[in-house]
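All chains are named by letter (A, B, ...) in the order of the sequence lines, taking the proteins before the strands, and each is independently numbered beginning at 1.
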Amino acid sequence: MNKIVDLLNGSMNGKIAEIRGWIYRIRSSGALCFIVLRDSSGIIQAVGSRNTLGEEKMKDLVSLTIESSISITGTVRQDPRAITGYELDISDFRIYQRNENFPITKDKGEEFLLDMRHLWLRSREMTSIMKIRSTAFKAFSDFFYSNGYYQTQGPMMVSTATEGGSTLFKLQFFGEEVSLAQSSQFYLEVMMFSLEKVFTIAPSFRAEKSRTRRHLTEYWHAEGEAAWYSNEDMMKDEEKMIEYIVSEVLKSNREDLELLKRDISKLETVKAPFPRIRYSDLIKMSNEWGMSLKYGDDLGADEEREITVHFDKPVFVTHYPEALKTFYHRPDPESPGEILCHDLLAPEGFGEIIGGGERIWDLNELLEKIKKYDLNPDDYYWYVDLRRYGSIPHSGFGLGMDRLVWWICGLESIREAIPFPRTIRRIKP
RNA sequence: GCCGCCGUAGCUUAGUUGGUAGAGCACCCGGCUGUUAACCGGGCGGUCGUCGGUUCAAAUCCGUCCAGCGGCGCCA
């Protein structure tokens with residue numbers, strides 16, 4: 001048994017091969033029939049002729065439908081007329097399943113394809129995106145493993161909010177109301193006290209009623225937390241991590257990027273270090289670029305888009321005003337009113353893919369912040385305990401893996417970057 | 001939550017100043033020895049999202065509800 005990709009490099013030319021997979025295209029012209037077969041490695045055209053196969057078998061072959069499963073034996077032959085440069089002269093075949101008509105044909109709308117996602121995932125576009133996604137997930141883990149981090153896991157059913165109260169998915173837990181995790185950050189902070197440097201890749205759930213091309217209600221959140229790290233230390237790991245993931249995709253998925261018509265030159269410039277811009281400086285710069293932002297304004301999606309087009313690589317925005325971020329961020333002792341945090345904005349208008357920074361590690365400072373944000377300290381007793389017993393400076397980050405894949409692939413919507421998107425109006429398939 | 005857009009055959013859609021619905025794909029039948037989401041001939045397929053209103057007459061104008069998409073906010 002051969003993989004299709006192995007028939008396309010010339011080494012099998014003139015030899016007998018057997019491949020199996022699914023019918024990607026089928027056309028017949030009387031005594032000839034052309035089948036483009038697909039497997040996970042690629043596509044190749046196979047040619048059946050009545051003269052070779054006989055009337056009966058030819059009829060069997062010609063009447064097959066898109067996505068029927070079949071194995072084909074034949075002779076590999078180089079032919080410029082074939083879609084991938086080589087084709088297979090069919091000497092024999094075995095049908096595994098003869099399909100009813102496949103629901104997906106050409107000219108399908110986005111909504112229909114989302115309903116048929118379980119079948120649309122077989123398309124060449126989705127296959128390429130999923131291969132790139134696989135590379136990205138592997139590269140993320142590999143990077144942190146080789147930089148002294150341990151992989152760990154937090155719970156997905158939680159009783160504590162990380163960010164705020166309004167965006168939680170509630171569910172019943174033996175009579176008690178609990179919620180789905182919005183982030184594993186607090187649990188990573190716990191694990192940090194034994195493992196020092198930790199990372200996780202887990203789903204996060206947000207019940208925000210977002211209706212944009214960059215939001216999912218269930219997304220894959222890649223988070224890290226590192227003991228003794230400053231904000232700057234954390235950014236250094238992150239930029240190397242992003243550079244590594246992009247370089248791994250460029251190495252392993254060049255053909256996939258080409259199939260997606262991604263401008264590869266836009267990815268080749270993604271090399272550390274990335275620019276770091278303080279929020280206050282960004283406000284000044286943005287006014288030179290014609291935006292009317294004043295200190296204290298949050299960066300909206302339009303502003304992010306406008307900012308990122310001035311750079312050919314991702315850019316860190318640091319030192320936001322305290323009021324713009326949540327309670328656990330550590331204020332900068334050297335710059336009152338500002339916090340030691342960073343967002344990473346992906347270029348070409350894709351915008352925020354990482355949020356991170358230094359965490360408050362002083363007990364009283366944290367307790368004051370909890371009070372100031374009108375939160376109940378009892379809900380956070382274990383998080384507060386971390387500041388009670390051997391507290392240390394530390395930093396962390398959260399990366400939206402789907403947003404990363406969305407940007408690397410240059411996709412229209414983040415829904416294309418995940419196999420089974422969950423949005424405000426989609427829970428199937 | 002706020003703002004905008006859309007809904008016509010299984011799918012993608014055309015439909016003029018209101019005059020009674022047209023195409024491509026898919027599907028079925030037939031043809032074709034080099035097709036590239038082939039081509040040629042024939043066939044099947046519509047409560048024009050729902051309910052109501054205006055009118056001699058509504059896919060078209062008005063209102064309602066339903067469904068979807070996008071933008072903002074929130075964030076990754």
Open item on the list: Taking only the C1' atom of each, what is the distance from B:A67 to B:C39 in whole angstrom?
Closed with: 39 Å
The residue, A:I424 or A:R403, whose nearest nucleotide of RNA chain B is more 5′ is A:I424
Check: Less than 4.0 Å between a side-chain N and a carboxylate O, is that true for A:R262 and A:E348?
Finding: yes
Looking only at B:C75, B:C25, B:C32, the nucleotide nearest the A:D298 side chain is B:C75
| said: For the C1' atoms, the ones on B:G68 and on B:U50, what distance do you get once it is rounded to whole angstrom? | reply: 15 Å
Which of B:G68, B:G34, B:G73 is nearest the side chain of A:A301? It is B:G73
Applying the 3.5 Å cut-off to both distances, the Watson-Crick or G-U partner of B:C69 turns out to be B:G4
Base, sugar-phosphate, or nothing for A:S204, non-hydrogen atoms under 4.0 angstrom? nothing
Winner on side-chain proximity to A:T105, out of B:A76, B:C25, B:G70, is B:C25
Here the distance between atom P of B:C39 and atom CZ of A:R25, to the nearest Å, is 13 Å
ask   = Is any side-chain N or O of A:R211 closer than 4.0 Å to OP1 or OP2 of B:G1?
value = no
Re B:U16: Watson-Crick or G-U wobble partner, both distances kept under 3.5 Å, found to be none
Open item on the list: Would you measure the distance from the C1' atom in B:A9 across to the matching atom in B:C51 and give it in whole Å?
Closed with: 23 Å
Is it possible for you to check whether A:K57 lies under 6.0 Å from the centre of the six-membered ring of A:F93, through NZ or CZ, and within 45° of that ring's axis?
-> yes
- Query: Does A:R415 make a side-chain N or O approach to OP1 or OP2 of B:G68 shorter than 4.0 Å?
  - Reply: no
* Any donor-acceptor pair under 3.5 Å joining the side chain of A:S210 to the base of B:C74? -> yes
Rounded to whole Å, the CD1-P distance (A:I104 to B:U12) equals 12 Å
Walking RNA chain B from its 5' end, the first of A:E304 and A:S413 to be reached, judged by nearest nucleotide, is A:S413
When rounded to the nearest Å, what value does the distance between P atoms of B:G7 and B:A76 take? 37 Å
Distance between C1' atoms of B:A58 and B:G43 (Å, rounded):
32 Å
Whole-Å distance, A:L344 CG to B:C75 P, equals 17 Å
**Study point:** Sugar-phosphate only, base, or nothing, as touched by A:R38 at under 4.0 Å among non-hydrogen atoms
**Key:** nothing
### Query
Are OP1 or OP2 of B:C72 and a side-chain N or O of A:R214 less than 4.0 angstrom apart?
yes
- Flag the pair A:K266 and A:D263 as a salt bridge only when some basic side-chain nitrogen lies within less than 4.0 angstrom of an acidic carboxylate oxygen. yes
Next item on the list: Quote, to the nearest angstrom, the C1' distance that separates B:C75 from B:G71.
Entry: 16 Å
The Watson-Crick or G-U wobble partner of B:C27, with both key distances under 3.5 Å, is B:G43
What is the nucleic acid contact for A:G351, judged by heavy atoms within less than 4.0 Å: base, sugar-phosphate only, or nothing? nothing
Separation of B:C74 atom P from A:R206 atom CZ, nearest Å, is 13 Å
Would you say that A:I35 contacts A:R25 through its side chain, given a criterion of any heavy-atom pair below 4.5 Å between the two side chains? no
Ranking B:G68, B:A76, B:U33 by distance to the side chain of A:N51, first place goes to B:U33
Closest to the side chain of A:T212, out of B:U35, B:G73, B:C75, is B:G73
Between CG of A:L168 and C1' of B:C74 the distance, given in whole Å, is 13 Å
### Message
Under a 4.0 Å threshold between the charged nitrogen and the carboxylate oxygen, would A:E67 count as salt-bridged to A:R38?
### Response
yes
- Quote, to the nearest angstrom, the P distance that separates B:G19 from B:C62. 15 Å
Between CE of A:M116 and C1' of B:G10 the distance, given in whole Å, is 10 Å
inquiry  = Should the side chain of A:E87 and the base of B:G34 be counted as holding a donor-acceptor pair, with the cut-off at 3.5 Å?
reply    = yes
Subject >> Side-chain N or O of A:R305 closer than 4.0 Å to phosphate OP1/OP2 of B:C72 >> reply: yes
(Q) Is there a side-chain hydrogen bond (donor to acceptor under 3.5 Å, both in side chains) between A:Y145 and A:Q151? Walk through the geometry before answering. (A) CA-CA 8 Å; A:Y145 278 134; A:Q151 182 165 200; 2.6 Å; yes
Here the pair of heavy atoms bringing A:F397 nearest to A:A222 is CE1-O, 3.6 Å
Can a cation-pi geometry be assigned to A:K313 and A:F274, taking NZ or CZ under 6.0 Å from the six-membered ring centre and within 45° of the ring axis? no
Here the distance between atom C1' of B:G70 and atom CZ of A:R426, to the nearest Å, is 15 Å
note: A:I414, atom CD1; B:C75, atom C1'; distance rounded to Å ~ 11 Å
- Query: Quantified in whole Å, what is the P atom distance between nucleotide B:C44 and nucleotide B:C65?
  - Reply: 41 Å
query: Does the side chain of A:R27 get closer than 4.0 angstrom to OP1 or OP2 of B:A37 through an N or O atom?
result: no
The Watson-Crick or G-U wobble partner of B:U33, with both key distances under 3.5 Å, is none
Is there aromatic stacking of A:Y219 on B:A76 here, judged by a ring-centre distance under 5.5 Å and a plane angle under 30°?
yes
